[in-house]
Engineer: 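Below are the structure tokens for one structure; questions will follow.
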Number of protein chains: 2
Amino acid sequence: MKLDARKLKILQAIINDYIITAEPVGSRTVAKKYDLGVSSATIRNEMSDLEEMGYLEQPHTSAGRVPSDKAYRLYVDKLMKVRRLNDQEAEYIKELYQNKIMQLEQVIFQTAKVLSEITNYTSIALAPQLSKVTIRHIQLVPVDMDFALLVVVTSSGILKDTLIRIPEGMDNEFLNKISNILNDKFQGKTFSEIDLKDLSAVREAFKENQKFFNSLVDVLTSSFHVSQEKEVFMGGTTNIFKLPEYQDILRARAFLNLMEEKDLLYHILASSQNNGVKVSIGTENTHEELRDYSIVTATYSLGDRILGTIGVIGPTRMEYSRAVSVMDHMGKALSNYLTKLYGK
Amino acid sequence: MKLDARKLKILQAIINDYIITAEPVGSRTVAKKYDLGVSSATIRNEMSDLEEMGYLEQPHTSAGRVPSDKAYRLYVDKLMKVRRLNDQEAEYIKELYQNKIMQLEQVIFQTAKVLSEITNYTSIALAPQLSKVTIRHIQLVPVDMDFALLVVVTSSGILKDTLIRIPEGMDNEFLNKISNILNDKFQGKTFSEIDLKDLSAVREAFKENQKFFNSLVDVLTSSFHVSQEKEVFMGGTTNIFKLPEYQDILRARAFLNLMEEKDLLYHILASSQNNGVKVSIGTENTHEELRDYSIVTATYSLGDRILGTIGVIGPTRMEYSRAVSVMDHMGKALSNYLTKLYGK
DNA sequence: GTTAGCACTCTCCTTTATCGAGTGCTAAAA
DNA sequence: TTTTAGCACTCGATAAAGGAGAGTGCTAAC
């Protein structure tokens, strides 16, 4: 059976309608609302064909039909017209990145927030992954008699710092000396390459301050490494309540529980590392838990290095044209902003 | 009418039962489950009295009775036995604050998380309020040819920093000079006291680097001031789904929407500044939106200065004894931790 | 003052009936 | 051969009706 022009038109009509209404679409609806010049009976026959071909599904015998994941895939790849952002949306995004000096994590957080506001879906965003980034500069800065700030600047301009207690009577000179040692040892390495075995030489330089040495290493390996790494930012988690299919408490709950699975979300975002926008529809997702959802992601970068991923998640009945255009725009805007601010 | 010993016993039984089951409690239930040595008819009479006195309410004629806010207040003040934490809970809290060097905000975030895990309610926590805190030390630290780190240490040991772009060719000496000027001008002041009018003298010192001056001031006033100020951390937002009264989608939604009102939550937390644990029950809350919820808060401090507030929010049918003991314990543990780490 | 007994109320759950949207099939029309 | 009108049939959704059960308040006896 061939997917001729009329079948395509009908399919498109059904997808459009279902995306808007969330109700199974019947042949009469298509005949009336979309002017195809044929009767509902003809459309009925075509729909039957489309179902046989795997593009449509029937929730039950006496209901209309619903697009399958395969149909959405076709829609995304071939049928949909990519929508441009309207002025208001573009303006909103522009404003976000204008004139503001933010900590990198704040930027990502705000991006997620705006993303969810514009799309009305739930947004997820991955902060830059430290494991991919090398250490450019380490500096211990005294702030106080008791505390110093351990500052690490990375190759991508990302900065990480932690307050750290210093032993009594330790002077600036010693701090500088340590900074130099750390730089010698770690410059150009990634955080994950900081190897405990490597450190015996460094340890000696600390002489009687072994405790200080330990806490320094602790901070460098654990604090910078694990906890920050899997940070997933989210926005608009409760947006799903606006959608009719989540008026069911069990579904809503399932979704919200999913959103608490930070590890899972992290893997989803981390796995899409191809430059640009990517759409994963329902069963296309490798993760079992996601087979009822679609995810649209985009990467963001600093210069030509991909730093992380942002995305929106929603029902497979997603406004793909809208989502794709917003993600595309946003990914680029964020990259621009970062490059302008942190690039050299 | 007097609230005699038997009435109290009956009231206590009803409250206990309702807290556990979330079902209106009938006279027969009280007679059977709680051994009071009288028949259900007697209890029925007493319950009628208790309703007249305002301690009980009836959802409808043929239902059992439900404690009123007044009853909960009595319960919290007089009736409940304050429960001690069990070993597992105490251990969990202890572990949280052990051996970890965290950014202050991370500490608060983790505290909120643990709080929600232990209580099974939604937790909210207020980060230390910068407006209350004075500036101890400002330092511009060069990290790079293009960037410096603006570090501000506050009187409470809290540290704030932001990466800031520096003009080309600006050397360390000049940065130090600026740091000194900023210190001269702002040491001992709060962030809200940073007055733009004051700055004309400082501005001159920057000579041709007016743009740099502007961004510095921008960061000091806006970035440190507004955005961080109202930061409310939350944990376990979806815990309410475990409670039977939130199986109703409208209620669940109302609650989640409430949790998105960061400003409101901020005010609630900021308003409870009396040292120690505070319980607000239903209509006792000044905010209209909260009249169906109860909130248990505790303050945390550094030394003897109150820094912020943590709390849990749930239905008025809350396990107060549990919540109060956890909040009490947690507030103190957090204060201890902070004092040990940042106090001098 | 306490309690057994009982009529009465009201929600909740189940059953039954009805409605209507939508389908698939057939046979006639184009 | 394709399209269409007509029609019987299916099945979910909604409403109405009918208990069942929990709980109350009142009365009268203990």
Side-chain angles (χ1 to χ4, degrees), chain A residues 1-11 13-15 17-18 20-53 55-68 244-245 247-251, chain B residues 1-11 13-14 17-18 20-53 55-68 244-245 247-249 251:
Chain A
M1 214 171 326
K2 243 200 91 195
L3 202 57
D4 58 31
R6 193 171 68 186
K7 281 196 173 60
L8 274 181
K9 265 192 185 164
I10 292 173
L11 187 56
I14 292 171
I15 295 174
D17 209 76
Y18 188 66
I20 296 168
T21 64
E23 296 289 335
V25 186
S27 56
R28 251 179 76 84
T29 311
V30 176
K32 263 197 289 183
K33 280 215 264 184
Y34 303 83
D35 200 23
L36 299 176
V38 289
S39 75
S40 67
T42 309
I43 292 171
R44 207 139 57 229
N45 289 330
E46 296 284 44
M47 282 168 74
S48 182
D49 289 351
L50 284 168
E51 178 167 5
E52 209 176 308
M53 294 165 80
Y55 291 106
L56 293 178
E57 285 161 6
Q58 236 178 333
H60 56 265
T61 359
S62 71
R65 284 184 173 88
V66 160
S68 67
E245 50 262 70
Q247 296 310 311
D248 177 20
I249 190 101
L250 288 176
R251 271 171 178 256
Chain B
M1 212 169 328
K2 243 201 85 191
L3 202 58
D4 57 31
R6 193 172 67 185
K7 282 196 173 58
L8 273 180
K9 263 191 188 166
I10 292 173
L11 187 56
I14 293 171
D17 209 74
Y18 188 66
I20 297 168
T21 65
E23 296 289 335
V25 187
S27 55
R28 249 178 80 85
T29 312
V30 176
K32 262 197 292 182
K33 279 216 264 182
Y34 303 84
D35 200 22
L36 299 177
V38 289
S39 76
S40 69
T42 307
I43 292 172
R44 208 138 58 228
N45 289 330
E46 296 283 46
M47 281 169 75
S48 183
D49 289 350
L50 283 167
E51 179 167 4
E52 208 176 309
M53 296 165 78
Y55 290 107
L56 292 178
E57 284 161 5
Q58 236 178 334
H60 55 265
T61 359
S62 70
R65 283 183 174 89
V66 160
S68 68
E245 51 264 69
Q247 294 311 310
D248 177 20
I249 189 103
R251 273 172 177 255

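Reminder, nothing fancy here: chain letters follow the sequence lines and each chain counts from 1.
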Engineer: Distance check needed: D:dG25 P versus B:L50 CG, whole Å only.
Structural biologist: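 Result: 12 Å.
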
Engineer: Give the rounded distance in Å between these two atoms: CZ of A:R6 and P of D:dT1.
Structural biologist: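 Value for this atom pair: 16 Å.
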
Engineer: Base, backbone or nothing for each nucleotide of nucleotides 4-22 of chain C, written B, S, -, heavy atoms under 4.0 angstrom, 5' to 3'?
Structural biologist: BB---BBS---------BS

Engineer: Count the heavy atoms belonging to other residues, nucleotides or ligands that lie under 6.0 Å from CG of A:D35, then report whether that count exceeds 12.
Structural biologist: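 Count not over threshold, so no.
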
Engineer: Mind checking whether B:E46 and B:V38 have side chains closer than 4.5 Å, heavy atoms only?
Structural biologist: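 No. Closest side-chain heavy atoms not under 4.5 Å.
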
Engineer: Please report the distance, rounded to the nearest Å, between CG in A:D49 and P in D:dT1.
Structural biologist: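 In whole Å, D:dT1 P and A:D49 CG are 16 Å from each other.
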
Engineer: When the side chains of residues 56-68 of chain B are checked against the rest of the protein, which donor-acceptor pairs come out under 3.5 Å, sequence neighbours left out?
Structural biologist:
residue : atom : partner : partner atom : Å
B:Q58   : NE2  : B:T61   : O            : 2.9
B:Q58   : NE2  : B:A63   : O            : 3.3
B:R65   : NE   : B:E51   : OE1          : 2.6
B:R65   : NH2  : B:E51   : OE1          : 2.8
B:S68   : OG   : B:G54   : O            : 2.7
B:S68   : OG   : B:Y55   : O            : 3.3
B:S68   : OG   : B:K70   : N            : 3.3
B:S68   : OG   : B:A71   : N            : 3.2

Engineer: Tell me the interatomic distance from A:I43, atom CD1, to C:dC25, atom P, rounded to whole angstroms.
Structural biologist: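 Whole-Å distance recorded here is 18 Å.
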
Engineer: Using atom CD of A:E51 as one end and atom P of C:dT23 as the other, report the distance to the nearest whole Å.
Structural biologist: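 Answer to the nearest Å: 10 Å.
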
Engineer: Measure CD/A:E46 against C1'/D:dT3 and give the value in whole Å, please.
Structural biologist: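 Taking atom C1' of D:dT3 as the reference, CD of A:E46 is at 11 Å.
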
Engineer: Quick one: does B:M47's side chain get under 4.5 Å of B:I10's, heavy atoms only?
Structural biologist: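 A side-chain contact exists here, since the closest heavy-atom pair is under 4.5 Å.
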
Engineer: Would you find more than 12 non-hydrogen atoms of other residues, nucleotides or ligands less than 6.0 Å from B:K7 atom NZ?
Structural biologist: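 Count over threshold, so yes.
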
Engineer: Starting from C1' on D:dG23, measure out to CD on B:E57 and report it in whole angstrom.
Structural biologist: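 Whole-Å distance recorded here is 17 Å.
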
Engineer: Less than 4.5 Å apart, side chain to side chain, heavy atoms only: is that true for B:D17 and B:V30?
Structural biologist: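 Contact flag for B:D17/B:V30 side chains = no.
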
Engineer: Round to a whole Å and report the spacing from CD1 of A:I14 to C1' of C:dT23.
Structural biologist: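 Interatomic distance, CD1 of A:I14 to C1' of C:dT23: 13 Å.
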
